[in-house]
Amino acid sequence: MKIETFQDLIEWTRQLHAYLAECLKHCATRQEEARAKWLLEYLADHEAILEQAVAGFEKQADPKALHTWVYDYLSHAPIAPHQVCHSPYAEMSFDDICQAIFALHDQVLELYRYLEGRAEIPETRELVRELLKLEEHEAMRLTHQINRARDL
């Protein structure tokens, strides 16, 4: 997907979470280790919820911010959703799955932090800031839940 506007960025993020949810759900059906299977199911549900939360931004965001061009701010192409599922989650261990998912979320956070620092219009800066807060909060919640699962 070519990202030209902030609306495209939101749609890309939504698609990324949707694709990841489907990939994790599919891999959970093939995972043999019980704890890793639970993790994949949990992550798939988490990504599906995150997809819906991101989709809500398109409905509530300032139209001026949504239609602002973003391509000048991108020094590299963002993560392509079709590359997300190249990892064989069905064959990974609990810890390997965690590492792969956290690395992906870190890339998304890094992109939003970069864009927040480059946004010149207050409406776009606020939009990116809100998206960043959502992604940070969900990454923190995910980390907390997975650490609790490790303790069990």
Side-chain angles (χ1 to χ4, degrees), residues 1-61 65-71 73-116 118 124 127-152:
M1 173 178 190
K2 187 175 180 181
I3 298 175
E4 294 180 339
T5 66
F6 280 91
Q7 186 169 10
D8 295 337
L9 178 69
I10 293 171
E11 180 59 19
W12 169 82
T13 305
R14 188 199 63 73
Q15 287 179 9
L16 178 72
H17 290 300
Y19 185 82
L20 188 55
E22 285 300 314
C23 180
L24 293 166
K25 185 178 180 180
H26 171 74
C27 288
T29 64
R30 299 183 1 219
Q31 177 59 255
E32 294 179 12
E33 182 191 343
R35 196 169 74 133
K37 181 181 179 86
W38 169 87
L39 176 62
L40 289 171
E41 291 169 348
Y42 173 78
L43 290 171
D45 290 343
H46 181 87
E47 293 297 329
I49 291 168
L50 196 47
E51 173 200 359
Q52 294 302 312
V54 170
F57 276 88
E58 281 185 290
K59 295 175 183 134
Q60 70 184 22
L66 288 175
H67 300 304
T68 299
W69 293 98
V70 71
Y71 66 85
Y73 306 131
L74 296 176
S75 62
H76 61 283
I79 312 130
H82 68 275
Q83 294 177 349
V84 175
C85 205
H86 280 229
S87 300
Y89 296 115
E91 299 168 9
M92 293 174 131
S93 70
F94 183 95
D95 289 331
D96 290 341
I97 294 166
C98 292
Q99 185 177 16
I101 295 299
F102 289 141
L104 177 66
H105 281 272
D106 286 346
Q107 290 177 27
V108 173
L109 289 169
E110 183 181 314
L111 173 63
Y112 279 134
R113 286 183 185 120
Y114 172 78
L115 290 173
E116 181 186 29
R118 307 292 262 180
T124 56
L127 176 61
V128 173
R129 188 175 295 129
E130 290 301 313
L131 284 163
L132 177 60
K133 282 198 293 191
L134 171 69
E135 292 285 345
E136 285 175 333
H137 178 266
E138 290 302 316
M140 191 177 350
R141 191 168 73 93
L142 192 58
T143 302
H144 178 71
Q145 293 291 45
I146 288 174
N147 285 337
R148 285 182 56 197
R150 273 194 184 118
D151 292 342
L152 295 176

Problem set entry | Within-4.5 Å side-chain heavy-atom neighbours: I101 and L24 | yes

Exercise. How long is the gap from CG on L43 to CG on L50, to the nearest 0.5 Å?
Worked result: 11.5 Å

For this session: Please lay out, stage by stage, how E116 and E130 fare under the test side chain to side chain contact (heavy atoms under 4.5 Å, CB included).
Result: CA-CA 10 Å; E116 181 186 29; E130 290 301 313; over 6 Å; no

Exercise. In terms of heavy-atom contacts, does NZ of K37 have more than 12 from other residues, nucleotides or ligands at under 6.0 Å?
Worked result: yes

Exercise. From L40 CG over to Y89 OH, what is the distance, rounded to the nearest 0.5 angstrom?
Worked result: 9.0 Å

Exercise. How many angstroms lie between CD1 in I146 and SG in C98, if you round to the nearest 0.5 Å?
Worked result: 4.0 Å

Seminar exercise, completed: Residue pairs meeting side-chain hydrogen bond (donor to acceptor under 3.5 Å, both in side chains), one or both in residues 51-61, sequence neighbours left out, come to R14-E51

For this session: Applying side-chain hydrogen bond (donor to acceptor under 3.5 Å, both in side chains), name anything that partners S93, two or more places apart in sequence or on another chain.
Result: D96

For this session: Under the side chain to side chain contact (heavy atoms under 4.5 Å, CB included) rule, what do R118 and V70 come out as? Steps first, then yes or no, please.
Result: CA-CA 10 Å; R118 307 292 262 180; V70 71; over 6 Å; no

Problem set entry | Straight-line distance of F6 CZ to L131 CG, nearest 0.5 Å | 9.5 Å

Exercise. Does a side-chain heavy-atom distance below 4.5 Å link L127 with L66?
Worked result: yes

Exercise. What are the two closest non-hydrogen atoms of A21 and A48, and how far apart are they?
Worked result: CB-N, 3.7 Å

For this session: Show your reasoning for whether side-chain hydrogen bond (donor to acceptor under 3.5 Å, both in side chains) applies to E11 and Q7.
Result: CA-CA 6 Å; E11 180 59 19; Q7 186 169 10; over 6 Å; no

Problem set entry | R113 side chain near E135 side chain, heavy-atom distance below 4.5 Å | no

Exercise. Is the closest basic N to carboxylate O distance between E136 and K133 below 4.0 Å?
Worked result: no

Exercise. Parallel, tilted or perpendicular: which describes the rings of W38 and F94, with under 30° parallel and over 60° perpendicular?
Worked result: parallel

Problem set entry | Spacing of CG belonging to L39 relative to CZ belonging to R150, to within rounding of 0.5 Å | 8.5 Å

Exercise. In terms of side-chain geometry, is the basic nitrogen of R141 or E138 positioned less than 4.0 Å from the acidic oxygen of its partner?
Worked result: yes

Exercise. Can you tell me if Q31 uses its side chain to pair, donor with acceptor, with the backbone of E33 under 3.5 Å?
Worked result: yes

For this session: Dump the intermediate steps for side chain to side chain contact (heavy atoms under 4.5 Å, CB included) on L134 and V54, then the final yes or no.
Result: CA-CA 8 Å; L134 171 69; V54 170; 3.8 Å; yes

For this session: Compare every heavy atom of E41 with every heavy atom of A28, then report the nearest pair and how far apart it is.
Result: CB-CG, 3.7 Å

Exercise. Between Y112 and L9, what is the shortest heavy-atom contact and its length?
Worked result: CE2-CD2, 3.5 Å

Exercise. Should the heavy atoms of other residues, nucleotides or ligands under 6.0 Å from CD of Q99 be counted, would the total exceed 12?
Worked result: no

Exercise. Can you check whether T5's main-chain N or O pairs, donor with acceptor, with D8's side chain at less than 3.5 Å?
Worked result: yes

Problem set entry | Atom pair CG/NE2 of L142 and H46 - distance to nearest 0.5 Å | 4.5 Å

